[in-house]
Amino acid sequence: MDYKYYTSNNNGQDDYGLKYIDSLGYGRICKDYKIEFPPQHQDIQPGMEYLMTPRPIFNNPYYRTSGKLIGKVAIITGGDSGIGRAVAVGFVKEGASVVIVYYNEKKDAEETKEFIERLGGKCVLIAGDIKEKEFSNKIVEETMKNFGKIDILVNNAGVQFQQKSLLDITEEQFDLTMKTNVYGMFYLTKTALKHMKPGSSIINVTSITTFKGEPELIDYVTTKGAIVGFTRSLSTNLAHKNIRVNAVSPGVFWTPLQPACWEAEKIPTLGSDAPMGRAGHPYEIAPLFIYLASDDSSYVTGQVMHINGGEYKG
């Protein structure tokens, strides 16, 4: 990749918070940090993967399958792109059929479906707004009509908005974030649960920001904290039915949510605070979802699994 566009031409005012960028693309902050992502911003939520530069890596061609999910059916919200896309591809490689729920990212969703079908997998796309209770009914009805059962539910869809101060968060934004990230999970889990049997798995996506506290994502962090509480309580409630409920807590991953949220100048340093010195790519987190969805995790419930390059030890 050519990094010449990081060279400051304005007395250091356009170096994106970095003291300098050398000819190899390394930026000096408190340590050497390899720049992977150029400045970019999308004025849309939850963001479009096809517009990102570079594109996130969602597929590991060296992954060895072992049939962990043969015959299983999974619903994945936000499965069109980012972490959701990588999880959908991983599930299909392990033998599952997937229902991908998305908002308005039609091009991303169709790309994901095409990739899955090239793998020989089955994929159904369902577009709609998870904030609406009735949409959850549609998702479950379409899943049952196409596959006749629900074994795995991944509540992954969400939005986040950068705001410098609590005073900048409007009631409208707070409602949108809460209803998308929490209500959507509640509605769909409640509806899908009626069809889930012993051995089923529910996987909710929280965030490292819940445990560290991100000062410019106050409403988002609030919702992700609620997801942790929901996961822990529901896991205890359903343990006697042998339905497992766990959460995955990603650190900084290169997904559409990043350019859709952050100001452009923050993008080049994403992940630089982690001991591994970089952001993760979606393919690196997919195996954790496969583990939680499969019988390998038959004695695991109520847990929050952290994957963040060492930035948070939990």
Looking at every non-hydrogen atom in both residues, tell me the closest pair between G79 and I100 and how far apart they are.
C-CG2, 3.4 Å

Basic-acidic side-chain contact under 4.0 Å: K138, E142:
no

Hey, quick one: are I285 and L69 part of the same hydrophobic cluster, counting side-chain heavy atoms closer than 4.5 Å, chains of contacts allowed?
yes

Main-chain N/O of L292 paired to S201 side chain as donor or acceptor, under 3.5 Å:
yes

Side chain E94, main chain I70, donor-acceptor under 3.5 Å
no

Just checking, any donor-acceptor pair under 3.5 angstrom between side chains of Q40 and Q258?
no

Assess whether a salt bridge exists between E216 and K164, defined as any Lys/Arg side-chain N lying under 4.0 Å from an Asp/Glu carboxylate O.
yes

The reported gap from OH in Y220 to CD in Q163 (rounded to nearest 0.5 angstrom) is 15.0 Å

Between D151 and K149, does any side-chain N to carboxylate O distance fall below 4.0 Å?
yes

To the nearest 0.5 Å, atom CG of L176 lies from atom NZ of K131 at 5.5 Å

Closer than 4.0 angstrom, basic N to acidic O: yes or no for R85 and E105?
no

To the nearest 0.5 Å, what is the distance between CG (D129) and NZ (K179)?
10.5 Å

Could you report the tightest heavy-atom contact between T53 and P38, atom names first, then the distance?
O-CD, 3.1 Å

Measure from the side-chain N and O atoms of K68 to the backbone N and O of T65, and report whether any donor-acceptor pair falls under 3.5 Å.
no

Between T222 and M178, is a side-chain contact (heavy atoms from CB on, under 4.5 Å) present by the stated rule, with each step listed?
CA-CA 8 Å; T222 300; M178 186 65 68; 4.1 Å; yes

Does S207 offer a backbone N or O that forms a donor-acceptor pair with the side chain of S249 under 3.5 Å?
yes

Exercise: identify the closest heavy-atom pair between G184 and S136
O-OG, 4.5 Å

Assign the ring pair F37 / W254 to parallel, tilted or perpendicular, where the plane angle (0 to 90°) is split at 30° and 60°.
parallel

Salt-bridge present (K107, E49; N to O < 4.0 Å)
no

P259 vs M52 side-chain heavy atoms within contact, under 4.5 Å:
yes

Judged by atom type as modelled, is there a donor-acceptor pair below 3.5 Å linking the side chain of E117 to the main-chain atoms of K122?
no

Ignoring hydrogens, what is the shortest heavy-atom contact between T189 and M185? Give both atom names and the distance.
OG1-O, 2.7 Å

Here the pair of heavy atoms bringing P46 nearest to G158 is CB-O, 3.6 Å

Flag the pair F91 / I76 as yes when at least one side-chain heavy-atom distance between them is below 4.5 Å, and no otherwise.
yes

Under 3.5 Å donor-acceptor, T210 side chain and T206 backbone
no

Counting C-beta onward and ignoring hydrogens, is there a side-chain heavy-atom pair between I152 and V73 closer than 4.5 Å?
no

Audit row: V205, I227, side-chain contact (heavy atoms from CB on, under 4.5 Å) steps and yes/no
CA-CA 7 Å; V205 178; I227 290 170; over 6 Å; no

Supply the atom-to-atom distance N237 CG to L193 CG, rounded to the nearest 0.5 angstrom.
8.5 Å

Y103 OH: over 12 foreign heavy atoms closer than 6.0 Å:
no

Which distance, rounded to the nearest 0.5 Å, do you find between the OG1 of T209 and the CD of Q160?
7.5 Å

Give a yes-or-no answer on whether the side chains of K197 and N242 include a donor-acceptor pair shorter than 3.5 Å.
no

Side-chain contact test, heavy atoms from C-beta onward, threshold under 4.5 Å: evaluate it for V99 versus I126 and give yes or no.
yes

Would you check, one step at a time, whether the test side-chain contact (heavy atoms from CB on, under 4.5 Å) holds for I208 with H306?
CA-CA 8 Å; I208 189 176; H306 296 274; 5.8 Å; no

Go through the steps for E114 and R118 under the test salt bridge (charged side-chain N to carboxylate O under 4.0 Å, His left out), then give the verdict.
CA-CA 6 Å; E114 180 184 359; R118 289 207 308 270; 3.6 Å; yes

Distance, nearest 0.5 Å, that separates OH of Y187 from OG1 of T191
10.0 Å

So, H41 side chain and W262 main chain: donor-acceptor pair closer than 3.5 Å or not?
yes

Taking every non-hydrogen atom, the tightest pair across P282 and T255:
CG-CG2, 4.3 Å

Heavy-atom count around Y183 OH within 6.0 Å, excluding the residue itself: above 12?
no

Can you tell me if S235 uses its side chain to pair, donor with acceptor, with the backbone of T301 under 3.5 Å?
no

Test V228 against F230 for side-chain contact (heavy atoms from CB on, under 4.5 Å), laying out the working first.
CA-CA 5 Å; V228 172; F230 181 80; over 6 Å; no

Side-chain contact test, heavy atoms from C-beta onward, threshold under 4.5 Å: evaluate it for N104 versus M48 and give yes or no.
yes

Lys/Arg-Asp/Glu bridge criterion (N-O < 4.0 Å) met for K106, E111:
no

I202 with V300, same ILVMFWY side-chain cluster at under 4.5 Å:
no

Strictly distance-based, threshold 3.5 Å: is any side-chain N or O of N308 a donor or acceptor partner for the main-chain N or O of E311?
yes

Could you label the plane-to-plane angle of the H281 and Y283 rings as parallel, tilted or perpendicular, counting under 30° as parallel and over 60° as perpendicular?
parallel

What I want to check is whether the side chains of E110 and Y50 have a donor and an acceptor closer together than 3.5 Å.
no

Between I203 and V101, is there shared hydrophobic-cluster membership here, with clusters defined by ILVMFWY side-chain heavy atoms closer than 4.5 Å?
no

Knowing that exactly one of N155, N246, N156 qualifies, which makes a side chain to side chain donor-acceptor pair (under 3.5 Å) with N204?
N155

Are I307 and M305 linked, directly or through intermediate hydrophobic residues, by side-chain heavy-atom contacts shorter than 4.5 Å (ILVMFWY only)?
yes

Residue pair S297 / R244, side-chain donor-acceptor N/O under 3.5 Å:
yes

Tell me whether the centres of the aromatic rings in Y312 and F211 are closer together than 6.0 Å.
yes

Mark yes or no for whether Q45, through its side chain, and A260, through its backbone, hold a donor-acceptor pair below 3.5 Å.
yes

Please say yes or no: joined through hydrophobic side-chain contacts below 4.5 Å, possibly via intermediate residues, are L238 and V248 part of one cluster?
no

Are I130 and L188 side-chain neighbours, meaning at least one heavy-atom pair lies under 4.5 Å?
no

Mind checking whether F161 and I169 have side chains closer than 4.5 Å, heavy atoms only?
no

Quick one, V159 and N181 - any side-chain contact, counting heavy atoms below 4.5 Å?
yes

